[in-house]
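Beneath this line is the structure, given in structure tokens, with notes to follow.
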There are 2 protein chains.
Amino acid sequence: MKLYGSLTSPFVRTVRIAAIELGLDREVELTMTVVRPTQPNRDYGVAVNPLRRVPALETDEGDVIIDSRVIVEFLNNRANGSLIPRDFDARISCLNRHAIVSGATEALVSAMYETKLRPEERRWKDWAEDQIDKAEAAFVWAESNIADFSAAFDLSAIALVALIDYAGFRFAHIPWLKRLPSVAAFAADANKRPSVRDTAPRE
Amino acid sequence: MKLYGSLTSPFVRTVRIAAIELGLDREVELTMTVVRPTQPNRDYGVAVNPLRRVPALETDEGDVIIDSRVIVEFLNNRANGSLIPRDFDARISCLNRHAIVSGATEALVSAMYETKLRPEERRWKDWAEDQIDKAEAAFVWAESNIADFSAAFDLSAIALVALIDYAGFRFAHIPWLKRLPSVAAFAADANKRPSVRDTAPRE
């Protein structure tokens with residue numbers, strides 16, 4: 001299978017960590033793909049994903065699956081894994097945690113575009129601050145709910161470590177975890193896993 | 001149950017259509033909630049959703065579930081519905097269609113913020129055009145895949161009608177469906193449903 005992605009995207013990383021955890025990393029080949037807002041990669045848009053986003057997974061049958069959560073669900077089923085619980089209540093709880101963490105990650109990507117990619121004179125400080133504020137609120141929420149993230153290294157936990165490291169990678173000047181000892185301990189623990197260490201974001 | 005939302009959000013509408021289709025609309029009470037980027041609704045952020053986004057569903061047990069897709073999955077299970085297929089391959093296919101449609105909707109929301117909410121001197125035409133281009137590509141993709149959307153009025157079909165109507169509502173000057181006869185026929189057909197008609201976006 002081909003995974004279209006980059007070494008910086010936290011959503012691609014979620015899929016890469018999941019693939020390693022599921023023992024599928026040899027079957028999932030990362031294909032470096034540049035997608036940059038306002039610079040349409042038309043070939044990719046036509047052949048793979050009309051939204052011109054990563055990650056996208058092309059299966060051996062030639063089907064394309066987009067969205068990190070859908071891709072992880074697909075891989076998890078293929079490997080008969082437990083990254084998404086089978087029990088319905090546990091499943092909704094995991095997907096809900098994932099939605100909050102993933103929304104915080106989207107907020108940081110938006111803040112990154114605002115502060116780094118947009119022409120300087122068109123930047124809007126209020127927008128970037130609002131997005132960062134949302135991510136901070138999600139971290140505070142995670143601190144209160146860390147037991148649920150720590151119970152199993154599932155989709156929500158993978159997305160949380162991807163968020164934490166992305167926050168540090170793109171906004172290194174913000175002391176994200178300073179008042180969040182439980183999230184910091186979670187991150188330290190997660191970073192002992194080869195799947196997490198070997199996929200750390202880099203340019 | 002309380003559904004935090006608005007009459008304009010296409011993601012809230014997806015949940016409202018789903019609730020009606022599932023016969024749960026009397027149990028899901030819409031609670032009008034204002035969320036506006038750069039104007040943090042802190043009460044809502046603390047009490048309900050740290051991301052300060054709608055929709056969010058508060059269950060009768062006091063649990064909060066966010067993200068239209070997770071909420072629909074929760075409601076679908078509660079009503080023993082068929083908005084998300086049980087068969088795994090059909091399920092992934094539905095979730096993948098939903099991801100593309102939902103991503104296009106996010107692109108249009110971003111374009112709307114760029115062209116209407118952002119201070120004029122900070123607007124970036126290239127950004128808005130790129131987002132609209134992504135949505136147009138998703139519509140072209142939907143035209144080629146319309147049979148899958150028309151086979152059942154599932155989560156992906158609901159999200160597609162929400163996208164089509166949102167595009168017309170926010171960007172009325174763009175002839176979205178002009179060269180897409182199958183998507184136009186799908187929209188006309190979907191609009192015969194009370195669930196769709198009764199939830200049309202309005203200010």
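Each chain gets a letter, A, B and so on, in the order its sequence line appears, and its residues count up from 1. Small disclaimer: the values here were computed from a predicted structure and weren't measured.
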Worksheet item: Between atom OG1 of A/T14 and atom CZ of A/F11, what is the distance when rounded to the nearest 0.5 Å?
Response: 7.5 Å

Response to the item:
Most heavy-atom pairs under 4.5 Å with chain A, out of B/D63, B/L95, B/I66, belong to B/I66

Worksheet item: Is it the backbone or the side chain of B/E106 that comes under 4.5 Å from a heavy atom of chain A, or both, or neither?
Response: side chain

Show me the side-chain donor-acceptor pairs of residues 153-160 of chain B shorter than 3.5 Å, one per line, residues at least two apart or across chains.
| from | atom 1 | to | atom 2 | distance (Å) |
| --- | --- | --- | --- | --- |
| B/D154 | OD1 | B/S156 | N | 3.0 |
| B/D154 | OD1 | B/S156 | OG | 2.8 |
| B/D154 | OD1 | B/A157 | N | 3.0 |
| B/D154 | OD2 | B/R97 | NH2 | 3.0 |
| B/S156 | OG | B/R97 | NE | 3.0 |
| B/S156 | OG | B/R97 | NH2 | 3.4 |

Discussion item. If I measure from the heavy atoms of chain B, does A/I71 come under 4.5 Å with its side chain, its backbone, both, or neither?
Written reply: neither

Worksheet item: Side chain, backbone, both or neither: which part of B/Y113 has an atom under 4.5 Å from a heavy atom of chain A?
Response: side chain

Worksheet item: Going by residue number, which parts of residues 25-54 of chain A are within reach of chain B, meaning a heavy-atom gap below 4.5 Å?
Response: A/P37, A/T38, A/P40, A/R42, A/P50, A/L51, A/R52, A/R53

Fill in: Lys/Arg-Asp/Glu bridge criterion (N-O < 4.0 Å) met for B/R69, B/E73
no

Fill in: Considering all heavy atoms, the nearest B/V161-B/R13 contact
O-NH1, 3.9 Å

Validation: residues 176-185 of chain B side-chain donor-acceptor distances under 3.5 Å, sequence neighbours left out:
| from | atom 1 | to | atom 2 | distance (Å) |
| --- | --- | --- | --- | --- |
| B/W176 | NE1 | B/A167 | O | 3.1 |
| B/W176 | NE1 | B/F171 | O | 3.2 |
| B/S182 | OG | B/E143 | OE2 | 3.0 |

Worksheet item: Contact part of B/V140 toward chain A, heavy-atom cut-off under 4.5 Å: side chain, backbone, both or neither?
Response: neither

Discussion item. Between A/E21 and A/R193, does any NZ, NE, NH1 or NH2 come within less than 4.0 Å of an OD or OE carboxylate oxygen?
Written reply: yes

Worksheet item: Which bit of B/W141 is near chain A, if near means a heavy-atom gap under 4.5 Å: side chain, backbone, both or neither?
Response: side chain

Fill in: Under 3.5 Å side-chain donor-acceptor pair for B/R16 and B/T199
no

Fill in: Spatial distance of atom CZ (A/R122) from atom NZ (B/K125) [nearest 0.5 Å]
10.5 Å

Worksheet item: Who among A/V70, A/D126, A/L117, A/D67 has the most heavy-atom pairs with chain B under 4.5 Å?
Response: A/V70

Worksheet item: Hey, is the main chain of A/G5 close enough, under 3.5 Å, to the side chain of A/S9 for a donor-acceptor pair?
Response: no

Fill in: CA sep, side-chain torsions, deciding dist, call: A/E129, A/K134, salt bridge (Lys or Arg N to Asp or Glu O under 4.0 Å)
CA-CA 9 Å; A/E129 284 176 355; A/K134 287 181 184 198; over 6 Å; no

Discussion item. If you define the side chain from C-beta out and look only at heavy atoms, does anything of A/T59 sit under 4.5 Å from A/F74?
Written reply: yes

Worksheet item: For chain A, which residues from residues 77-91 of chain B have at least one heavy atom closer than 4.5 Å to it?
Response: B/N77, B/F88, B/R91

Worksheet item: How long is the gap from OG1 on B/T115 to CD on B/E120, to the nearest 0.5 Å?
Response: 10.5 Å

Practice prompt. Mind listing the closest non-hydrogen atom pair of B/E114 and B/A128 along with its distance?
Written response: CG-CB, 3.9 Å

Item to complete: Against chain B, work out which of A/S102, A/S110, A/P119, A/A107 has the most heavy-atom pairs shorter than 4.5 Å and name it.
Response: A/P119

